[in-house]
Amino acid sequence: MPELPEVETTRRGLVPLLCGTRIIALVVRDRRLRWPIAPQLETLLPGRTIARIDRRGKYLLLDLGEGSLIIHLGMSGSLQMVATRKPPGPWDPFDIVVTGGQCLRMRDPRRFGALLYTEDRPHHPLLRHLGPEPLEPEFSGAYLYHRARGRRIAIRDFLLNGQIVAGIGNIYANEALFSAGIHPGRAAGRISRTRYDTLAAAIVAVLNRAIAVGGTTLKDFSGSDGRPGYFQQQLQVYGRAGDPCLGCGTQIVRLSHLTRSSYYCPHCQR
DNA sequence: CTCCGATCCTGATGGC
DNA sequence: TGCCATCAGGATCGGA
């Protein structure tokens, strides 16, 4: 579910509710996430104050001063602030209980998410090799062009690689490629510098537009306040196989022989 | 180094 | 209505 805009939506919703609060307890109901929740966390966290909430790609980072919690939502995760007394559902693996009777509750039916702790954020194996943030200045067409030299991988898969650029998932990769007029199967190394400028701008634009409306809710994503996102109403190609291209009317094609579906307009994208 | 496929797990959906 | 196959927003790992 959650790509950069959904994680950013979650982060923005949590900041006013969680920053400055003190952790009272970590309640774990199911340790079996992508990586098992370390048992030490239950003794480590109480008493710590949540100083800041950051985001790196699709990772949410709770800064505890000395150390950080790393939360990843996987495919099906979401976070909500709820009253601690509210009964948890069957797919709510943990609560971070804070002062004020509230807790940060994770829901994750597929258990692809993660809750990890590090005292060395820059060197953590999940964060250390991440590419630049697409909404920061170091991300540009020049950067993408440089990284793509000699690569034959399809541009869609290139954009999904977090080591190239952080936070882009299948929805926004497909949408940005449509916006830039680039075929998702084109080799990354066979795209001109000029087209990479267009693509980088398209990525920034589509991410910002999605953040502005609270992200994309396909099935059950909701922000930290429980409200869905609305970007799905603006999707140009993702999930629209067989429907007319909004630019030229040609039927949108779905390429399913790739591990993840690509959606594109065969007329507008080359 | 690069790339592809398998893998973790559950739920929704569509065809028959 | 029920059953089965297929597909999902992610990211790592092993092997070619």
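For the numbers below, each heavy atom of this structure counts, side chains included, while hydrogens, waters and symmetry mates do not. Lettering follows sequence order; numbering is per chain, from 1.
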Novice: Return yes when atom CZ of A/Arg29 has more than 12 non-hydrogen atoms of other residues, nucleotides or ligands closer than 6.0 Å, and no otherwise.
Specialist: yes
Novice: May I ask you to evaluate whether A/Thr216 reaches the phosphate of C/dG9, defined as a side-chain N or O under 4.0 Å from OP1 or OP2?
Specialist: no
Novice: Kindly express the pairing pattern of DNA chain B in dot-bracket notation, using | wherever a base pairs with another strand and counting only Watson-Crick or G-U pairs under 3.5 Å.
Specialist: .|||||||.|||||||
Novice: Summarise protein proximity over nucleotides 6-12 of chain B in one line of letters, 5' to 3': B for base, S for sugar-phosphate only, - for none, counting protein heavy atoms closer than 4.0 Å.
Specialist: --BBBSS
Novice: Is A/Tyr263 near enough to C/dA8 that one of its side-chain N or O atoms lies under 4.0 angstrom from OP1 or OP2?
Specialist: yes
Novice: Would you please confirm or rule out a distance under 4.0 Å between OP1 or OP2 of C/dA11 and any side-chain N or O of A/Lys58?
Specialist: yes
Novice: Determine: side-chain N/O of A/Arg152 to OP1/OP2 of B/dC3, distance under 4.0 Å, yes or no.
Specialist: no
Novice: Using a 4.5 Å cut-off between side-chain heavy atoms of Ile, Leu, Val, Met, Phe, Trp and Tyr, which other residues end up in the same hydrophobic cluster as A/Leu127?
Specialist: A/Trp35, A/Tyr59, A/Leu61, A/Ile70, A/Leu116, A/Leu126, A/Leu130
Novice: Is the shortest side-chain N/O distance from A/His72 to OP1 or OP2 of C/dA11 below 4.0 Å?
Specialist: yes
Novice: Check whether any side-chain N or O of A/Tyr143 sits under 3.5 Å from a backbone N or O of A/Ile164 as a donor-acceptor pair, and report yes or no.
Specialist: yes
Novice: One thing to verify: whether A/Glu6 and A/Arg11 come together as a salt bridge, which I'm taking to mean a side-chain N less than 4.0 angstrom from a carboxylate O.
Specialist: no
Novice: Would you mind checking if A/Arg56 and A/Glu133 are paired as a salt bridge, meaning a charged N to carboxylate O distance below 4.0 Å?
Specialist: yes
